[in-house]
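Since the structure is predicted, the reported quantities are computational estimates derived from the model, not experimental observations.
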Amino acid sequence: MLLQINTPVPKDLPLDLPLPEWLLVSLLVISFLLHIIFINLMVGGSIITLWAQIKGLKNKEYDVFAHEIAKTITVNKSIAVVMGVAPLLSINTLYTIYFYSANALTGFAWIMIIPLVTIAFLLTYLHKYTWSTFEHNRKLHIGIMGLAVAIFLFIPLIFLTNVNLMMFPEKWGTVKGFLSALMLPNVFPRYFEFLGACLAITGIFIVWYNGRKSYPIEEIYTNFTRNTIKKIGYSIATVGLSLQIIFGVIVLFTLPSKGISYAVIAVMAGAGLLLAYALWYSYKTVVSEGKFIDLHFKKITIAVLCFLFFYGGSRQMYRHNSLEKHQELVAAHTAEFQKLSKEAREQSLVLQQQEAATPKTDADLGKGVFNQYCAACHKKDVKLVGPPVTEMASIYQSNKADLQKWIKAPSKKRADAPQMPGFPQLSQTELEQLSEYILNIN
């Protein structure tokens, strides 16, 4: 009962899902994981590019490295956008009330996503295609990427805040916009865990991207070797994995208990072990000799990919647990509304049938004529454009014929009112009905 009092319980639209629920949930989890990988690469690649460009002010090799990573950002961005359609449609379909309620509550910030994404994408293209143009003005060039990174860091925070808010309908009554939703206890730990994932995935990507035999390292770099760049990638991955573990633990302890179950804890623990496994071998690679640089790459990559699967599954399990009780309340509220609506329609139909079966007097029929021709200017007992109907009834109380003549061809009598138009189109039957209604009005 306390949940019902404190929590908004809207009525839902009882529409059938286009696919079985289990299939939509599977699509949501899998498509989200594919989407988030490329989001990680886009955001992480932007951060690493900015970092490398700043280092490149003193070491030219890092500037070259930044240029090579910058080339991948726009590609990963495009894939991320395409991959984002399926999870967005899936979550809209499965959790319509919750998703759109969160969007409405965060308001302006949510609306700003499209212009912010557009600006960020334009900045990355500007940065990518003006590398030579700003060769002698690197600080301005770095500023362009810095602004793009700032926007890229803000957009996921909006998404994360919304997706987090949708799981807590009991907070909807207290949330007063984006900043208010941002202050929910587990938002920032989840956000910093996400940033750790961006660095971890990007670090692994750098190792693979520069490790390809077709990638001409010797033609691109003067001093950096393939192993040098791989080591940079593993170092970035180690930092990212460490952040994920640290903030992952904080996330677990800041998540509201209503969505926690033994199954959720077990899946999260499994995900944490996979991260620890990947971190151990990533660190071992960083501190090892160059000849062992590729020894643990597959282990790290498989562990991180398995972690993503566990992570996506635990998120969906927690979301389901969090919303289950509220969804039951919404279903009950909707069923009660449908029941009352059906009863009201049936009662209205009975009244219409009873009304149709009851013989109508001339006064009853006259009311319809009055509403059609007279109601725009006359009210029952107050002056509108013309005098009230009760006044007409008192004037023509025993003179129905004169009332009918007046209605059909009136003249101007009142200085404070416009002349009433005539109604020659009314038949004698309609005049009888109308005059009967006026003279017997109650």
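- Tested against Gln433 for a side chain to side chain contact (heavy atoms under 4.5 Å, CB included), the candidates Leu365, Asp364, Thr361 yield a single pass: Leu365.
- Within the 4.5 Å cutoff, the side chain of Tyr318 has heavy atoms near those of the Pro256 side chain.
- Distance check, rounded to the nearest 0.5 Å: NZ of Lys55 to CG of Leu50 gives 13.0 Å.
- Identified under the side-chain hydrogen bond (donor to acceptor under 3.5 Å, both in side chains) test for residues 89-102, with sequence neighbours left out: Tyr95-Gln316, Tyr98-His326.
- With hydrogens and angles ignored, the 3.5 Å screen pairs a side-chain donor or acceptor of Glu61 with a backbone N or O of Thr222.
- The backbone N or O of Phe224 lies less than 3.5 Å from no partner atom in the side chain of Thr228, so there is not a single donor-acceptor pair.
- Between the Thr72 side chain and the Ile69 main chain, a donor and an acceptor come within less than 3.5 Å of each other.
- Between atom SG of residue Cys377 and atom NZ of residue Lys383 there is a gap of 12.0 Å, rounded to the nearest 0.5 Å.
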**Q.** Phe292/Glu289 under side chain to side chain contact (heavy atoms under 4.5 Å, CB included): CA gap, chis, key distance, verdict
**A.** CA-CA 6 Å; Phe292 299 114; Glu289 297 180 18; 4.2 Å; yes
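- You'll find the side chain of Phe188 reaches within 4.5 Å of the side chain of Met183, heavy atoms only.
- Proximity of a side-chain donor or acceptor of Thr254 to a complementary backbone N or O of Ile250 within less than 3.5 Å is detected.
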**Q.** CA sep, side-chain torsions, deciding dist, call: Lys230, Asp294, side chain to side chain contact (heavy atoms under 4.5 Å, CB included)
**A.** CA-CA 9 Å; Lys230 285 183 178 181; Asp294 294 319; 2.8 Å; yes
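- The minimum heavy-atom distance between Pro115 and Ile111, with the atom names listed, is CD-O, 3.5 Å.
- Counting only heavy atoms from C-beta outward, the side chains of Leu323 and Pro169 approach each other to under 4.5 Å.
- Under the 3.5 Å distance criterion, the side-chain polar atoms of Ser348 are left unmatched by any main-chain donor or acceptor of Ala344.
- The side-chain heavy atoms of Lys339 and Glu336, taken from C-beta on, include a pair separated by under 4.5 Å.
- Counting only N and O atoms by type, the side chains of Asn162 and Thr106 include a donor and acceptor under 3.5 Å apart.
- Judged by a 6.0 Å distance limit and a 45° cone about the ring axis, Arg212 is positioned over the six-membered ring of Tyr209.
- Residues Trp110 and Phe159 are in side-chain contact: their nearest non-hydrogen atoms beyond the backbone lie under 4.5 Å apart.
- Judged purely by atom type and a 3.5 angstrom limit, Trp172 has no side-chain atom pairing as donor or acceptor with the backbone of Met166.
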Q: Please step through side chain to side chain contact (heavy atoms under 4.5 Å, CB included) for the pair Tyr234 and Ile293, ending with a clear verdict.
A: CA-CA 9 Å; Tyr234 281 117; Ile293 198 78; 3.9 Å; yes
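- Interatomic distance, Phe154 CZ to Ile158 CD1, rounded to the nearest 0.5 Å: 4.0 Å.
- Counting all heavy atoms, side chain and backbone alike, Glu193 lies closest to Val251 at OE1-CG2, 3.9 Å.
- Heavy-atom minimum distance, Thr301 versus Ile204: OG1-CG2, 3.7 Å.
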Under 3.5 Å, which donor-acceptor pairs do the side chains of residues 367-375 form with other protein atoms, sequence neighbours left out?
residue	atom	partner	partner atom	Å
Asn371	ND2	Lys367	O	3.3

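- Qualifying salt bridge (Lys or Arg N to Asp or Glu O under 4.0 Å) partners for Lys71, counting only residues two or more places apart in sequence or in other chains: Glu68.
- Scanning all heavy atoms of the two residues, the minimum distance from Gly211 to Arg226 falls at C-NH1, 3.9 Å.
- The minimum heavy-atom distance between Leu24 and Pro18, with the atom names listed, is CD1-CD, 4.4 Å.
- Taking every heavy atom of both residues into account, Val267 and Phe310 meet most closely at CG1-O, 3.3 Å.
- Contact check for Leu19 versus Leu27: side-chain heavy atoms found under the 4.5 Å cut-off.
- In this structure, Leu243 and Phe192 have side chains that are not in contact, with every pair of non-hydrogen atoms separated by 4.5 Å or more.
- Pairs of residues two or more places apart, or lying in two chains, that qualify as side-chain hydrogen bond (donor to acceptor under 3.5 Å, both in side chains) and include a residue from residues 258-280 are Glu170-Lys258, Ser261-Asn321.
- Summarising the geometry, atom CD1 belonging to Ile39 is positioned 11.5 Å from atom CD1 belonging to Ile79; distances are rounded to the nearest 0.5 Å.
- Evaluation of the ring pair (Phe, Tyr, Trp, His ring centres under 6.0 Å) rule for His141 yields His127, Trp131, Phe134 as partners, not counting sequence neighbours.
- Taking CG of Leu434 as the start and CD1 of Ile438 as the end, the distance is 4.0 Å to the nearest 0.5 Å.
- Put simply, the side chain of Ser282 never gets that close to the backbone of Ala278: no donor and acceptor are under 3.5 Å apart.
- Without hydrogens or angle criteria, Thr202 side chain to Leu199 main chain gives no donor-acceptor distance under 3.5 Å.
- For Lys299, the NZ atom sits in a packed shell: over 12 heavy atoms of surrounding residues, nucleotides or ligands are nearer than 6.0 Å.
- At distances below 3.5 Å, at least one donor-acceptor pair connects side-chain atoms of Tyr191 with backbone N or O atoms of Leu153.
- Residue Glu346 places its CD atom among more than 12 non-hydrogen atoms of other residues, nucleotides or ligands, all under 6.0 Å distant.
- For residues 28-61, every residue pair satisfying the ring pair (Phe, Tyr, Trp, His ring centres under 6.0 Å) rule, not counting sequence neighbours, is listed here: Trp51-Tyr62.
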(Q) Applying side chain to side chain contact (heavy atoms under 4.5 Å, CB included) to Phe121 and Ile151, what does each step give before you reach the verdict? (A) CA-CA 10 Å; Phe121 287 177; Ile151 297 173; over 6 Å; no
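- Within 6.0 Å of the CD atom in Gln347, the count of heavy atoms belonging to other residues, nucleotides or ligands does not exceed 12.
- Going from atom CD of Gln244 over to atom CD1 of Ile201 covers 7.0 Å, rounded to the nearest 0.5 Å.
- Inter-residue side-chain proximity for Phe194 and Phe247 is flagged as unmet; no heavy-atom pair is nearer than 4.5 Å.
- Side-chain atoms of Asn164 never come within 3.5 Å of backbone atoms of Leu160 as a donor-acceptor pair (strictly under, hydrogens ignored).
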